[in-house]
Amino acid sequence: MDFIPVNRPMLNGSEKQYVLAALDSGWISSDGPFVEEFEKKFSRRVNRKFGIAVSSGSAALDIAVKALGIGQDQEVIMPTFTIVSCALAVIRNGAKPVFVDCYQDTWNMNIEEIESKITSRTVAIMPVHIYGLPVDMNPLIKIAEKYNLAIIEDAAEAHGQTYFEKPCGSFGELSTFSFYANKHITTGEGGMIVTDDYELAEKCKKLRNLCFEPEKRFIHFEIGWNYRLTNLQAAVGLAQLESLDDNIIRKKLLGQKYQDLLADNPFLQTPISQKSGYENHYWVFGLILKPDYGKTAKMVMENLYREGIGTRPFFWPMHKQPILNEFFHSSYPVSEMISEFGFYLPSGVGTTDSEIEIVVDRLKKVLN
Ligand SMILES: Cc1ncc(COP(=O)(O)O)c(C=O)c1O
């Protein structure tokens, strides 16, 4: 029985050609023309003036928080239902993450909870577009404006996604992306920060490069990181960018196929396919087992694995993380429920229609 992995990337465009060109040129580190070209073309694609390519989406968040000068005694509001990179970027910079729960239907951060979490120490909100649906940005932007808070937009999962026709990644003072292998486009590992602010862009460039000084290279006045993306990775990224529109179409078809095949299944909550102002672009195809089904996601995932189907669990909420335990004792019931009962199915750009049919057959078998 062939195993169907949770993700299969597609690298069948100009990737080889561009990587070979990079190899032939000898520019294999971060000094190389593909990096700048990728930054320019990607930032333009999401309607931003500047792009700063980095080594991962997590690195992009570390830099974004620091570039905004966020640190000691300050707070950043974010969803508890997200990846640890969001909380760690804030903690590593000496500030405190403050959490809100998520909505039961979109799994995105609950905007109605934000105002009650604002204190005199709050300096920013970090919306995170989760699993293919954008955060409800209009009311979030209103709150940010009312309290003069920065927006750090984590669009790691939202390449090419739009909210009321505006690209995800165009809403933050700084917005960040990941190009990990399971994203709509990939560089293997990689990330990007985008912004319209020249000063912030320059600051991010410096932070990604150990804060070398232009005049006195090895004398340092600030703490930075080596978070550079290589020319080889950027070559892949540039080729992938050419496939982004096709990949979005593919992912939407794939999501719709799952929706059709799983419609009316009594044990499952399937993702929302659209809402006013946006459509799901199915970064992943997530499912939640209905509570009366009586089994957790872990049990079903183990059975699916035995049937040759790769899956992943939903995020485990930040307030329940052992490494963050000392800070947080509140309860966030929706996030707790979906993390216990949620998981996602194979849905890479390279996952085929027949594989989806096999996945659904075996899922139904396991559930019954
Ligand atoms: C919402 C979100 N933010 C940040 C990241 C971190 O990106 P990376 O894995 O490139 O560090 C991810 C990774 O999947 C993510 O889903």
Side-chain angles (χ1 to χ4, degrees), residues 4-18 38 41-48 51 57 106-108 129-135 137 153-171 175 177-188 190-192 194 235-263 270-287 310-312 344-360:
I4 301 178
V6 72
N7 175 53
R8 185 178 294 117
M10 192 98 107
L11 300 155
N12 60 354
S14 309
E15 287 81 2
K16 261 190 200 158
Q17 185 196 330
Y18 294 171
F38 183 42
K41 290 194 169 153
F42 185 82
S43 52
R44 205 176 301 148
R45 177 67 172 75
V46 295
N47 220 2
R48 304 304 298 255
T106 63
W107 312 330
N108 269 314
H129 309 296
I130 298 278
Y131 293 173
L133 290 168
V135 172
M137 290 305 298
E153 180 190 7
D154 183 352
E157 306 172 359
H159 318 73
Q161 176 57 300
T162 55
Y163 172 81
F164 286 95
E165 290 173 17
K166 282 194 71 185
C168 289
S170 67
F171 294 102
S175 302
F177 288 89
S178 162
F179 301 119
Y180 182 63
N182 61 2
K183 299 302 187 297
H184 276 70
I185 60 170
T186 181
T187 57
M192 181 99 65
V194 294
V236 175
L238 200 62
Q240 286 273 294
L241 188 55
E242 293 166 5
S243 306
L244 177 57
D245 291 332
D246 288 344
N247 291 358
I248 292 171
I249 292 170
R250 176 73 202 130
K251 288 281 241 181
K252 281 186 171 171
L253 284 173
L254 186 154
Q256 201 46 56
K257 190 163 177 72
Y258 272 130
Q259 295 281 21
D260 294 343
L261 294 172
L262 291 170
T270 51
I272 284 185
S273 51
Q274 60 180 50
K275 268 200 154 182
S276 159
Y278 52 88
E279 281 177 12
N280 203 330
H281 85 339
Y282 297 107
W283 172 54
V284 295
F285 193 86
L287 291 171
T311 56
R312 288 285 182 281
Y344 56 88
L345 298 174
S347 57
V349 180
T351 305
T352 64
D353 283 5
S354 57
E355 283 179 323
I356 290 173
E357 284 160 21
I358 295 169
V359 171
V360 170

List the atom of [X], the atom of [Y], and the distance in Å for their closest heavy-atom pair.
X: Asn280; Y: Ile272; value: ND2-O, 2.9 Å
X: Asn7; Y: Ala181; value: ND2-O, 3.1 Å
X: Ile248; Y: His159; value: CD1-O, 3.8 Å
X: Glu153; Y: Ser175; value: OE1-OG, 2.7 Å
X: Tyr282; Y: Gln259; value: OH-NE2, 2.8 Å
X: His184; Y: Val349; value: O-CG2, 4.1 Å

Nearest 0.5 Å please: distance from the [atom1] atom of [X] over to the [atom2] atom of [Y].
X: Glu157; Y: Ile130; atom1: CD; atom2: CD1; result: 5.5 Å
X: Ile358; Y: Glu355; atom1: CD1; atom2: CD; result: 6.5 Å
X: Cys168; Y: Leu133; atom1: SG; atom2: CG; result: 9.5 Å
X: Asp246; Y: Ile185; atom1: CG; atom2: CD1; result: 12.5 Å
X: Met137; Y: Ser170; atom1: CE; atom2: OG; result: 8.5 Å
X: Glu165; Y: Thr162; atom1: CD; atom2: OG1; result: 7.0 Å

Parallel, tilted or perpendicular, judged at 30° and 60°: which one describes the rings of Phe179 and Phe42? perpendicular

Can you classify the ring geometry of Tyr131 versus Trp283 as parallel (below 30°), tilted (30 to 60°) or perpendicular (above 60°)?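 Tilted.
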
With heavy-atom distances below 4.5 Å as the criterion, would you say the side chains of [X] and [Y] are in contact?
X: Lys257; Y: Asp353; answer: yes
X: Phe38; Y: Met192; answer: yes
X: Pro271; Y: Trp107; answer: yes
X: Ser273; Y: Glu279; answer: no
X: Val194; Y: Phe177; answer: yes
X: Tyr18; Y: Glu242; answer: yes
X: Met10; Y: Arg250; answer: no

I'd like to check the salt bridge (Lys or Arg N to Asp or Glu O under 4.0 Å) partners of Lys16; sequence neighbours left out, ordered by chain and number. none

Here's a test for you: under side-chain contact (heavy atoms from CB on, under 4.5 Å), which of Leu262, Val360, Leu254, Val284 qualifies with Leu345? Leu262

Take Arg45 and Asp245 through the test side chain to side chain contact (heavy atoms under 4.5 Å, CB included) and record every step on the way to the result. CA-CA 11 Å; Arg45 177 67 172 75; Asp245 291 332; 2.5 Å; yes

When you look at OH of Tyr163, are more than 12 heavy atoms from neighbouring residues, nucleotides or ligands closer to it than 6.0 Å?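 Yes, OH of Tyr163 has more than 12 neighbouring heavy atoms, counting only those of other groups under 6.0 Å.
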
With side chain to side chain contact (heavy atoms under 4.5 Å, CB included) as the criterion, how do Phe171 and Val135 come out once you've worked through the C-alpha distance, each side chain's angles and the decisive distance to 0.1 Å? CA-CA 11 Å; Phe171 294 102; Val135 172; over 6 Å; no

Those residues that, when tested against His129, pass ring pair (Phe, Tyr, Trp, His ring centres under 6.0 Å) (two or more places apart): none

Check whether any side-chain N or O of Gln240 sits under 3.5 Å from a backbone N or O of Thr187 as a donor-acceptor pair, and report yes or no.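 No, because the side chain of Gln240 does not come within donor-acceptor range (under 3.5 Å) of the backbone of Thr187.
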
Hey, is the main chain of Tyr180 close enough, under 3.5 Å, to the side chain of Thr186 for a donor-acceptor pair? yes

Taking it one step at a time, do Lys41 and Leu238 satisfy side chain to side chain contact (heavy atoms under 4.5 Å, CB included)? CA-CA 8 Å; Lys41 290 194 169 153; Leu238 200 62; 4.0 Å; yes

